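Presented below is the structure to which this report refers.
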There are 2 protein chains.
Amino acid sequence: MKEQIKDKRKAIMEAALKLFTERGFHGTSTAQISKEAGVATGTLFNYFPTKEDLINSLYFEVKGELSRSMGKEIEVQGIFKDKLKKIWSNLVRWGIENQDEFLFVGQFCSSPYITKFTRDEVMKEYVFLHKLVDEGIREGEIRDFSAELTIAMFYQSSRTVVNFILDSDSSLDENKVLEDGFQIIWRGLADK
Amino acid sequence: MKEQIKDKRKAIMEAALKLFTERGFHGTSTAQISKEAGVATGTLFNYFPTKEDLINSLYFEVKGELSRSMGKEIEVQGIFKDKLKKIWSNLVRWGIENQDEFLFVGQFCSSPYITKFTRDEVMKEYVFLHKLVDEGIREGEIRDFSAELTIAMFYQSSRTVVNFILDSDSSLDENKVLEDGFQIIWRGLADK
DNA sequence: AACATAACTGACTAATCAGTCAATTATCGA
DNA sequence: TCGATAATTGACTGATTAGTCAGTTATGTT
């Protein structure tokens, strides 16, 4: 059953995501994941040959969602700064609305699990952003630093703001931080 | 023997640091750490009652080194931008020169190990930076965003640059990246 | 209904885990 | 040199680990 398959598989991934962010990768056993997902231990290994396979599948899946969210509602004809701001806001909002996924990505990226291969593989999903940055540099919208450095600073600034919002108490004005955060990175990169 | 004690303790911490960055926290067993350090398994538990204790001690130790490096060679009478640049360069250089420590901190901070208490505790070591930022805002050197957000963006930008340098091939002009990186964060924060 | 196939189960295993502790060794002052 | 104390050892334990597999159940086709 196509439906059934998807259900169990999804249940396992959701359980894993939740537990990984709660207890870390090695801190979570496959038995715990199976239990949380409501399946037998054997079932987990039907879908993912090894635990490492599960972690990597989860990472690719989550990164896919992130990069899809990132590109949403971009006006192709809009001005450069607005496009960049939309992408940046998309990144931040995704992080706030998908805490577990956000934390999981952070954990994975600073863990020894990630290889240069995986990093490069994921970078392919950012072609869109890369092109935009190249365009921005060519058109004199942003300064002529290395595109890779520019992207890294841009992306990490969004993560910093998400972490800042997640860590702070709820009295914080989220929209203010979002505005301020973008201003900082925009003024840093903009050529004017 | 004071010397002996320090030696074994230090050997354990160094071994742990190395293996943690190679294989993660749970991916490294206390037996492996003991072996790498050249001591018996029991000895490890003389110095650190539990594995978690070892991880936390290591974190505080490393963070201490970092915050000490951060403040080095700051000219008290210098102009604000130079002081900030010196701190930023110190952070980046420390990361490049202490890769294992740098990666360990990153791993710890994005792991479920870290509690709000630990984060706050470590923040106390940044009083110096906090004061400087407050001063910068008061004197109109940098813009009036929340000091916490400013510090987070400042600190994370240095980490981004270190990661960028560590990930790239050796042909990269390190000093250029260092200059560019600081320019980005400075222009982002500066009030002019 | 009858069959084939795919999905699922959970008891099981060999390996490994963090942590213990009784025995041993090194270091010290007197 | 002796006796006390502190540091160190590694075999050991009960719990837990990732992963297996023979058997069971559910599903789709004819």
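Protein chains get the first letters and strands the later ones, always in sequence-line order, with residue 1 at the start of each. Since we're looking at a predicted model, the values are computed, not measured.
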Distances under 3.5 Å between protein N/O atoms and the N/O atoms of nucleotides 21-23 of chain C, please, pair by pair.
none

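Between the A/Arg159 side chain and the A/Phe102 main chain, a donor and an acceptor come within less than 3.5 Å of each other. Of the possible donor and acceptor atoms, one in the side chain of A/Asn90 sits under 3.5 Å from a partner among the backbone N and O of A/Met70. The main-chain N or O of B/Lys176 is found under 3.5 Å from a side-chain atom of B/Asp173 such that the two form a donor-acceptor pair. Judged by distance alone, the side chain of A/Thr118 and the main-chain N or O of A/Ile114 form no donor-acceptor pair under 3.5 Å.
Remark: C1' of D/dT17 and CD1 of A/Ile33 are 12 Å apart, rounded to the nearest angstrom. We find that CG of A/Asn46 is positioned 13 Å from P of C/dG10, with the value rounded to whole Å. For B/Asp53 and C/dA18, the CG to P distance is 14 Å, given to the nearest whole Å. Per the geometry, NZ belonging to B/Lys35 stands 14 Å off C1' belonging to C/dT16, to the nearest Å. Between B/Leu44 atom CG and D/dT9 atom P there is a gap of 11 Å when expressed in whole angstrom units. D/dA18 atom C1' lies 12 Å from atom CD of A/Glu52, rounded to whole Å. Following rounding to the nearest Å, A/Gln32 (CD) and D/dT17 (P) show an atom-to-atom distance of 6 Å.
Contacts with DNA chain C (heavy atom under 4.0 Å) in residues 12-31 of chain A: none are found.
Of all heavy-atom pairs spanning A/Ile12 and A/Ile33, the tightest one is O-CG2, 3.8 Å.
Residue A/Tyr47 has a polar side-chain atom (N or O) positioned under 4.0 Å from OP1 or OP2 of C/dC8. The side chain of A/Lys8 contributes an N or O atom lying less than 4.0 Å from OP1 or OP2 of C/dT9.
Closest contact between the side chain of B/Phe45 and the listed nucleotides C/dG19, D/dG10, C/dG10 involves C/dG19. Of the candidate nucleotides C/dA18, C/dG10, D/dA11, C/dA18 has the atom nearest to the side chain of B/Lys51. Between C/dG10, C/dT20, D/dT9, one nucleotide has an atom nearer to the side chain of B/Thr41 than all others, and that is C/dT20.
A distance of 4.0 Å separates CG of A/Leu84 from CZ of A/Phe154, quoted to the nearest 0.5 Å. Remark: B/Phe164 CZ to A/Ser146 OG distance equals 4.0 Å, nearest 0.5 Å.
Using modelled atom types and a 3.5 Å distance limit, the side chains of A/Lys10 and A/Tyr47 yield no donor-acceptor pair. Inspection of the A/Gln156 and B/Thr160 side chains reveals no N or O donor paired with an N or O acceptor under 3.5 Å.
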